[in-house]
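Values below: every heavy atom of this structure, side chains too, minus hydrogens, waters and symmetry copies. Chain letters run A, B, ... following the sequence lines, proteins first, then strands; residues in each count from 1.
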Amino acid sequence: MGKHIVILGGGTAGTMAANRLCRTYDRSECRITVVDQNDDHLYQPGLLFVPFGLAQPRHLVRSRPRQLAPAVDYKMARIDRVDLDARTVRLAGGVRLSYDVLVVATGATLLPEETDGLTGPGWREKVFTFYDLPGAAGLRRALEVFEGGRLVIDVADLPLKCPVAPLEFAFLADWYFQQRGIRDRVELTYVTPLDGAFTQPVAAGALGGLLKDKGIELVTEFALGEVDGEGGRLVSYDEREVPFDLAVVVPLHGGAAYVERSEGLGDELGFVPVDPHTLQLPGRPEVFAIGDAAGLPASKAGSVAHFEGEVLVHNIGRHLAGQPLDASFDGHANCFVETGFHKALLIDFNYDTEPLSGHFPGPVGLPLLKESRAAHLGKLAFEWLYWHSLLPGRELPGIGSAMPEHGKRRIFH
Amino acid sequence: MPVVTYDNTDIPVDDEGFFTEPARWTEPMAEQVAKEAGIDTLTERHWIVIRFMRAQYAAKGTGPTVRVLGKTSGVSVKELYQLFPKGPAKTAAKIAGIPKPRGCI
């Protein structure tokens with residue numbers, strides 16, 4: 001009798017994991033079930049482009065089950081909770097799924113209602129987020145009629161999906177208003193809870209430099225306590241204020257609600273605290289988490305889900321064979337950072353190594369931490385790669401889970 | 001590695017002044033670190049947070065973020081900022097003698 005692997009979540013991480021597992025196991029060895037609550041798979045990197053009219057919402061959504069290999073069972077259902085002791089997942093309507101291996105891949109959820117005033121007066125009129133499709137589409141209309149004033153981009157707190165996206169939004173806003181010929185009438189401000197433009201010093205320096213070059217004011221260590229939509233003010237917990245005419249806020253993130261309802265599964269924010277190198281839940285060898293759902297000190301980005309997938313499939317195999325797991329996930333992430341004017345820069349980093357300059361994936365490759373047209377083209381090409389290569393679980397030649405060191409300039413402190 | 005003297009004891013700290021050896025921390029040291037951080041008196045509400053930070057560090061190997069503190073310590077985020085105006089997680093970690101909390105990205 002084969003084993004049953006249940007994957008909760010049919011987004012980037014869950015779909016890639018399911019398809020990779022399908023390539024590894026015959027249906028008689030392992031049955032694979034993916035559960036998600038709707039049929040719409042959203043290409044999340046495209047959300048950044050919607051407000052600027054560079055992507056159409058309808059082009060970003062495809063059928064979830066169609067991204068899965070035919071051998072994968074897809075169940076569309078709301079997840080009620082996981083019973084770790086009974087090794088079952090309870091779905092809405094009373095259906096129970098038993099599992100031999102459980103993979104939690106239900107991503108991160110936006111929690112705008114957890115910030116005072118954020119969803120109050122002005123929400124989706126002059127206070128927006130572009131982290132979901134309705135928000136991104138609404139923001140597009142708001143930008144079209146924006147004729148000048150203070151535009152503020154604010155990150156409420158960490159963790160957040162795609163930590164570079166708000167910076168990219170600021171860079172693209174600078175480009176967008178220049179295109180419209182009204183940049184001199186727009187004050188752009190980037191507000192972050194961090195002490196710099198990004199977490200790690202080298203990247204913070206490079207990205208902070210770009211903000212400065214583009215005339216975007218940087219406000220740091222601003223922990224968003226309240227949004228006053230009527231008064232047009234962001235207020236921090238230490239009572240500083242940033243005025244705005246239009247605010248773009250990245251709301252607080254948490255894990256899926258069922259994770260919090262499932263005893264022993266999640267941490268305080270609803271993420272699954274798996275081992276950072278094996279992706280296995282301590283004390284529950286049959287439970288793994290990947291992608292944004294995992295409570296790891298790694299970036300919540302699709303590239304991380306991709307790199308984790310390689311280690312996940314390997315470790316599920318070792319678990320099923322009764323062998324010790326490989327602690328080989330190094331937190332590898334890479335991101336194209338769109339900087340406007342048909343340029344982008346690439347960053348590549350992991351748990352221990354901050355983004356460095358040099359080239360990726362080897363000495364001859366895309367420049368790192370430096371704007372280039374090649375990186376912009378890479379970002380655009382990525383959408384095709386996502387649907388046709390990454391989601392089907394194919395390997396990308398030369399780009400693996402372990403972060404490449406070759407071609408990078410090391411920095412010695 | 002820098003060394004500072006609290007409670008007549010030499011304590012190794014990192015470049016930002018966070019303890020690198022939390023086991024060497026004592027309660028009298030907390031008062032001194034707090035004064036350096038601009039907090040003249042540690043009230044019982046401060047101590048709830050400081051003890052919580054140490055317990056979390058002992059259990060998880062890192063101190064909690066402000067948001068996690070607000071959800072789990074019994075002190076709201078708003079009050080945390082009143083108690084530790086210059087960044088509650090960092091300041092409370094420093095006073096509690098644990099390394100700087102690792103944020104995520």
Side-chain angles (χ1 to χ4, degrees), chain A residues 108 111 114-116 155-164 192-196 198-200 203-204 220-226 235-240 252-254 260 267-271 273 276 282 292 294-301 304 331 333 335 347 349-351 354-355 413, chain B residues 1-2 13-18 20 34 37-39 45-46 48-49 51-95 98-105:
Chain A
L111 304 168
E114 283 201 9
T115 298
D116 282 353
V155 176
D157 202 356
L158 309 179
L160 72 156
K161 292 191 275 190
C162 192
V164 295
T192 170
L194 297 170
D195 55 11
F198 199 61
T199 38
Q200 297 118 322
T220 57
E221 299 191 82
F222 189 95
L224 182 64
E226 185 196 341
V235 186
S236 66
Y237 280 112
D238 58 359
E239 293 172 0
R240 285 180 289 151
L252 296 177
H253 285 43
E260 290 196 44
D267 64 15
E268 301 86 348
L269 302 180
F271 297 113
D292 296 351
L296 298 178
S299 182
K300 293 200 182 301
V304 176
C335 324
I347 57 175
F349 55 100
N350 69 12
Y351 289 140
E354 61 176 292
H413 294 288
Chain B
M1 187 169 280
V13 294
D14 70 8
D15 292 339
E16 292 179 82
F18 290 89
T20 53
I39 299 167
R45 298 298 283 172
H46 287 102
I48 289 174
V49 181
R51 291 188 186 114
F52 187 83
M53 294 294 282
R54 285 195 67 84
Q56 287 278 296
Y57 178 79
K60 296 182 176 174
T62 183
T65 61
V66 180
R67 196 168 150 213
V68 171
L69 267 178
K71 275 185 176 264
T72 53
S73 68
V75 180
S76 71
V77 175
K78 205 164 197 147
E79 189 184 350
L80 284 165
Y81 272 92
Q82 286 159 0
L83 294 170
F84 304 95
K86 289 178 192 162
K90 278 196 276 188
T91 313
K94 199 175 266 186
I95 297 170
I98 64 169
K100 187 176 175 179
R102 282 197 306 268
C104 20
I105 47 174

NZ/NE/NH1/NH2 to OD/OE distance under 4.0 Å, B/Lys71 and A/Glu260 =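 Here B/Lys71 does not pair with A/Glu260 in a salt bridge, since their nearest N and O are not under 4.0 Å apart.
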For chain B, find which of A/Asp157, A/Leu252, A/Asp238 contributes the most heavy-atom pairs closer than 4.5 angstrom.
->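 Ranked by contacts with chain B, first place is A/Leu252.
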Determine the minimum heavy-atom distance between B/Arg67 and A/Pro159, stating which atoms define it.
->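 Scanning both residues, the minimum pair turns out to be NH1-CD, 4.1 Å.
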Can you say whether A/Glu114 sits under 4.5 Å from chain B via the side chain, the backbone, both, or neither, judging by heavy atoms?
->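 For A/Glu114, side-chain heavy atoms alone lie under 4.5 Å from chain B.
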Side chain, backbone, both or neither: which part of A/Glu268 has an atom under 4.5 Å from a heavy atom of chain B?
->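 Looking at A/Glu268, backbone and side chain both touch chain B.
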In terms of heavy-atom proximity below 4.5 Å to chain A, should B/Lys60 be classed as side chain, backbone, both, or neither?
->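 Interface part for B/Lys60: side chain.
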Please output the side-chain donor-acceptor pairs of residues 77-85 of chain B that fall under 3.5 Å, not counting sequence neighbours, one pair per line with the distance.
{"residue": "B/Glu79", "atom": "OE1", "partner": "B/Arg45", "partner atom": "NH2", "Å": "3.0"}
{"residue": "B/Glu79", "atom": "OE2", "partner": "B/Arg45", "partner atom": "NE", "Å": "2.8"}

